[in-house]
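Okay, so here's the structure we're looking at.
The model shown is predicted, which means the values in this text are computed figures rather than measured ones. This chain uses plain numbering: 1 for the first residue, then up along the sequence.
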Amino acid sequence: MELKFSTFLSLTLLFSSVPNPALSDLCNLDDKKVLLQIKKAFGDPYVLASWKSDTDCCDWYCVTCDSTTNRINSLTIFAGQVSGQIPALVGDLPYLETLEFHKQPNLTGPIQPAIAKLKGLKSLRLSWTNLSGSVPDFLSQLKNLTFLDLSFNNLTGAIPSSLSELPNLGALRLDRNKLTGHIPMSFGQFIGNVPDLYLSHNQLSGNIPTSFAQMDFTSIDLSRNKLEGDASVIFGLNKTTQIVDLSRNLLEFNLSKVEFPTSLTSLDINHNKIYGSIPVEFTQLNFQFLNVSYNMLCGQIPVGGKLQSFDEYSYFHNRCLCGAPLPSCK
């Protein structure tokens with residue numbers, strides 16, 4: 001009898017020590033169910049092969065779990081390929097802080113409206129895809145966003161002015177799309193942080209908002225659009241702006257009259273209609289990059305600072321610029 005009891009006890013202990021997958025899962029079951037439905041909506045792509053119902057979803061590729069709550073807080077698909085539209089199911093992962101689809105040429109359709117449900121989202125990156133349609137107004141509801149990247153897509157229409165209502169935004173990338181219309185006046189009135197602003201390679205037109213005089217952008221790229229008029233509002237003696245690219249627009253203003261911040265390290269204004277002369281203050285700036293070519297500038301290039309460290313291609317094709325590194329003034 002004792003032998004039978006001890007055998008039974010040993011077997012009980014043995015089986016109780018074998019981990020049960022269902023009991024050892026850290027992953028929240030609701031999150032797991034949603035992720036498996038997302039996988040199915042994408043047609044079971046190879047990149048999501050690790051997403052299996054009998055394994056812990058906290059160990060799956062392309063997702064991470066919060067170390068405290070074990071809820072899915074990150075979904076990032078930037079390698080391998082998924083096809084079709086972003087499933088509405090992404091809105092059913094309520095603890096997501098990072099959502100990224102990057103370099104997914106077979107990702108199509110509009111920016112998924114269900115993303116508006118993800119109130120905890122801090123980083124949204126939908127870039128290098130074939131997403132189309134407009135930049136949705138609902139993005140302004142995601143008040144925790146610190147990074148918004150919608151670059152390298154096929155987005156069209158106007159930029160919603162409501163994006164200036166995102167109080168924590170550190171960077172806004174809408175470059176390399178087919179956006180039209182004016183830069184919103186509200187972009188000179190961001191209510192919190194002043195984000196790095198990338199709007200290049202679109203079809204934006206009109207003037208740069210005068211409200212930009214109130215904004216201190218660290219980095220701003222408005223290149224390769226159809227912007228007109230005066231860009232001097234971007235600059236200012238009291239600003240801390242470092243990088244400005246206004247190249248390949250239709251801008252027309254007097255460079256000599258602009259007050260530049262001492263923090264400026266990179267300035268590209270090539271292929272515009274900018275006139276006047278190069279300010280002597282440029283000799284005081286620690287330029288790492290400078291290109292003023294293909295404008296209507298005149299006069300002698302001031303001597304000093306970094307100005308002679310750049311080659312002729314930084315200065316050529318102006319109306320009457322002269323002096324090193326260009327031919328000497330007559």
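- Within a 6.0 Å radius of OH in Y313, other residues, nucleotides and ligands contribute 12 heavy atoms or fewer.
- Scanning all heavy atoms of the two residues, the minimum distance from T108 to L131 falls at O-CD2, 3.5 Å.
- Annotation: side chain of V292 is not in contact with side chain of I274 (no heavy-atom distance under 4.5 Å).
- Here the side chains of N130 and N106 are not in contact, with every heavy-atom distance at 4.5 Å or above.
- Checked against the 6.0 Å centroid criterion, the rings of F212 and F217 qualify as a close aromatic pair.
- Aromatic ring pairs are classed by plane angle as parallel below 30°, tilted from 30° to 60° and perpendicular above 60°; the pair F190 and F187 is tilted.
- Going from atom SG of C298 over to atom CG of L255 covers 12.0 Å, rounded to the nearest 0.5 Å.
- When all heavy atoms are compared, the tightest approach of N254 to G276 is OD1-CA, 3.4 Å.
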* To do: Apply the test side-chain contact (heavy atoms from CB on, under 4.5 Å) to residues L204 and L199: give CA-CA distance (whole Å), side-chain angles for both, the deciding distance (0.1 Å), then the verdict.
  => CA-CA 8 Å; L204 301 172; L199 305 179; 3.9 Å; yes

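- Defined by atom type and a distance below 3.5 Å, a donor-acceptor pair is present between the side-chain atoms of D216 and T240.
- Hydrophobic clustering of Ile, Leu, Val, Met, Phe, Trp and Tyr side chains at less than 4.5 Å, counting indirect connections, keeps L250 apart from V244.
- Between F282 and F287, the ring centre distance stays below 6.0 Å.
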* To do: Just do the side-chain contact (heavy atoms from CB on, under 4.5 Å) check on L166 and N144 with the steps written out, would you?
  => CA-CA 8 Å; L166 293 168; N144 289 305; over 6 Å; no

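- Taking every heavy atom of both residues into account, L290 and Y315 meet most closely at CD2-OH, 3.7 Å.
- F316 and L307 fall within a single hydrophobic cluster, where Ile, Leu, Val, Met, Phe, Trp and Tyr side chains are chained together by heavy-atom contacts under 4.5 Å.
- Here the closest heavy-atom approach between residue L93 and residue L118 is recorded as O-CD2, 3.2 Å.
- A side-chain contact (heavy atoms from CB on, under 4.5 Å) with L246 is found for one member of L222, D268, N270, N225 and no other, namely L222.
- Proximity of F260 to L285: side-chain heavy atoms (C-beta onward) are separated by under 4.5 Å at one or more points.
- For the 3.5 Å distance criterion, the side chains of N295 and N272 fail to qualify, holding no donor opposite an acceptor.
- Proximity of the aromatic rings of F253 and Y275 is defined here by a centroid distance below 6.0 angstrom, and this criterion is not met.
- Scanning both residues, V90 and L96, for their nearest heavy atoms gives O-CD1, 4.2 Å.
- In terms of the disulfide (SG to SG under 2.5 Å) criterion, C62 has no residue partners (sequence neighbours excluded).
- Using a 4.0 Å cut-off between charged side-chain N and carboxylate O, D92 and K117 make a salt bridge.
- Here N168 contributes atom CG and L148 contributes atom CG; the two are 13.0 Å apart, rounded to the nearest 0.5 Å.
- At least 2.5 Å separates the SG atom of C57 from that of C65.
- For N238, the CG atom sits in a loose shell: 12 or fewer heavy atoms of surrounding residues, nucleotides or ligands are nearer than 6.0 Å.
- The number of heavy atoms from other shown groups lying within 6.0 Å of NZ (K40) does not exceed 12.
- A 6.0 Å sphere centred on NZ of K143 holds more than 12 heavy atoms belonging to other residues, nucleotides or ligands.
- Side-chain contact of N153 with S132: a donor-acceptor pair under 3.5 Å is absent, judged by distance alone.
- Scanning all heavy atoms of the two residues, the minimum distance from A116 to Q141 falls at CB-OE1, 4.1 Å.
- Ring to ring, F78 and H102 are not that close: their centroids are 6.0 angstrom or more apart.
- Each of D31, D66, D30 was checked for a side chain to side chain donor-acceptor pair (under 3.5 Å) with R71, and the lone residue meeting it is D31.
- Remark: K103 qualifies as a cation-pi partner of W128 under the 6.0 Å distance and 45° angle criteria applied to the six-membered ring.
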* Check the pair N286 / Q288 against side-chain contact (heavy atoms from CB on, under 4.5 Å), numbers first and verdict last. => CA-CA 6 Å; N286 186 28; Q288 308 300 311; 3.5 Å; yes

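- Here CG of L75 is found 8.5 Å from CD1 of I72. Values are rounded to the nearest 0.5 Å.
- Under a hydrophobic clustering in which Ile, Leu, Val, Met, Phe, Trp and Tyr are joined whenever their side-chain heavy atoms come within less than 4.5 Å, directly or via other members, L321 and V280 fall into different clusters.
- Cysteines C27 and C58 keep their SG atoms at least 2.5 Å away from one another.
- Taking a cutoff of 4.0 Å between a charged side-chain nitrogen and a carboxylate oxygen, R173 and D175 qualify as a salt bridge.
- Under the 4.5 Å side-chain heavy-atom criterion for Ile, Leu, Val, Met, Phe, Trp and Tyr, F310 and I243 are members of distinct hydrophobic clusters.
- Hydrophobic clustering (side-chain heavy atoms under 4.5 Å, transitive across Ile, Leu, Val, Met, Phe, Trp, Tyr) groups L169 together with L163.
- The environment of NZ in K122 is sparse: at most 12 heavy-atom neighbours from other residues, nucleotides or ligands sit within 6.0 Å.
- At least one side-chain heavy atom of L150 sits less than 4.5 Å from a side-chain heavy atom of L139.
- Between the side chains of N291 and S314, no donor-acceptor pair is found at a separation under 3.5 Å.
- Contact check for I77 versus Q104: side-chain heavy atoms found under the 4.5 Å cut-off.
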* To do: Would you please test F235 and L267 for side-chain contact (heavy atoms from CB on, under 4.5 Å) and show each step?
  => CA-CA 11 Å; F235 306 99; L267 176 65; 3.8 Å; yes

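- The line from CG of L36 to CG of D44 is 9.5 Å long, rounded to the nearest 0.5 Å.
- At a threshold of 4.0 Å, the pair D56-K32 does not count as salt-bridged, since none of the basic side-chain nitrogens sits closer than that to a carboxylate oxygen.
- To the nearest 0.5 Å, the span separating CD1 on I115 from NZ on K119 amounts to 12.0 Å.
- With a 4.5 Å cut-off on side-chain heavy atoms, T129 and F152 do not count as touching.
- Rounding to the nearest 0.5 angstrom, the gap separating the CG atom in N154 from the CG atom in N177 is 7.5 Å.
- Environment of OH in Y95: sparse, with no more than 12 heavy atoms of neighbouring residues, nucleotides or ligands closer than 6.0 Å.
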